[in-house]
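Working notes, beginning with the structure itself.
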2 protein chains.
Amino acid sequence: MADDVFKALADPTRRRILDELVERDGQSLFEICARLATKHGLGLSRQAISQHLAVLEAADLVRTRRQGRYKFHDLNTEPLERIVTRWLRPDARENTP
Amino acid sequence: MADDVFKALADPTRRRILDELVERDGQSLFEICARLATKHGLGLSRQAISQHLAVLEAADLVRTRRQGRYKFHDLNTEPLERIVTRWLRPDARENTP
DNA sequence: AGCATAGGCAAGTGAATACTTGCATGACGA
DNA sequence: TCGTCATGCAAGTATTCACTTGCCTATGCT
């Protein structure tokens, strides 16, 4: 459960993908490929990113919806809000930005 | 920087160690070994845990202070509060628990 | 001084994982 | 219907990483 979230966040490429989805939600696989290549200079294959997206989806950080031959990816921040508070003590938990 | 934090949190054993330090701060290596073994049933060698602590220290999630032949480990939650807000949109950032 | 305790360093092993290459499927347009 | 575009599946490789084993350093006690 939270295990998958931490594992998903462990890879820098996957964190870039999340960055990209924060900026523009609902992108397709090819869009993400293109923007990672141009903006971040990552020359990864389509499959590499597809597998990363699968990991993110397994962690429920990304929700997908099919539309014809396109598959759009939406960011889901809910799991992120849960995981970190685990180690925040009561007094530190109040002023979370 | 934040890279090290995510990498540190990727391993379940390291997350257990953080759990242990939340419960009681300032433990030595042997204390952590003992409590992980008894409470969580983890039969890991001393070096394994020592290496995990080194990773946590590199991520600044654990601060250490030497005192004689003892080395005490203190939890530092500051890096945790930074990393997740990266993907929280403005509207979601308000009601963080 | 001598010995036990607390921790550190380094090399080696096995498993997990990120990435690639090649082929298959399924939807849309001419 | 045929070809193309977007994606999925599977096997193979190579690197990363967690863990162990063995030896070394240093502090404190008797």
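None of the values given here were measured: they were computed from a predicted structure. The basis for the numbers below is simple: all heavy atoms, side chains too, and nothing from hydrogens, waters or symmetry mates. Throughout, protein chains are lettered first and strands after them, A, B, ... in sequence-line order, and every chain is numbered starting at 1.
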Proximal nucleotide (of C:dT17, C:dC19, D:dC19) relative to the A:K7 side chain = C:dT17
What's the closest nucleotide to the B:R46 side chain, out of D:dG8, C:dA18, C:dG7?
-> C:dG7
Polar side-chain contact A:Q51-C:dT17 base: donor and acceptor under 3.5 Å = no
Nearest-Å distance for atom pair CG/P, residues B:D11 and D:dC17 | 11 Å
Check whether any side-chain nitrogen or oxygen of A:K71 sits under 4.0 Å from OP1 or OP2 of C:dA27, and answer yes or no.
-> no
Nearest whole angstrom, please: distance from the P of C:dG7 to the CD of B:E31.
-> 9 Å
To the nearest angstrom, how far is A:H52 atom NE2 from D:dG8 atom P?
-> 15 Å
Along DNA chain C (nearest heavy atom to each residue), the more 5'-positioned of A:S45 and A:Q67 = A:S45
Is there a donor and acceptor pair closer than 3.5 Å between the side chain of B:R69 and the base of C:dT5?
-> yes
Whole-Å gap separating C1' (D:dC17) and CG (B:D4) | 15 Å
Nearest-nucleotide comparison on DNA chain C, the residue closer to the 5′ end among A:Y70 and A:A48 | A:A48
Round to the nearest Å and state the distance from A:R16 atom CZ to C:dA18 atom C1'.
-> 16 Å
Side chain of A:Q47 (C-beta onward), nearest among C:dT17, D:dT7, C:dG22 = C:dG22
Exercise: identify the closest heavy-atom pair between A:T13 and A:D11 = N-OD2, 2.9 Å
Following the transitive rule for hydrophobic clusters with a side-chain heavy-atom cut-off under 4.5 Å over Ile, Leu, Val, Met, Phe, Trp and Tyr, establish whether A:L44 and A:L9 coincide in one cluster.
-> yes
Which whole-number value in Å describes the distance from A:L44 CG to C:dA18 P?
-> 12 Å
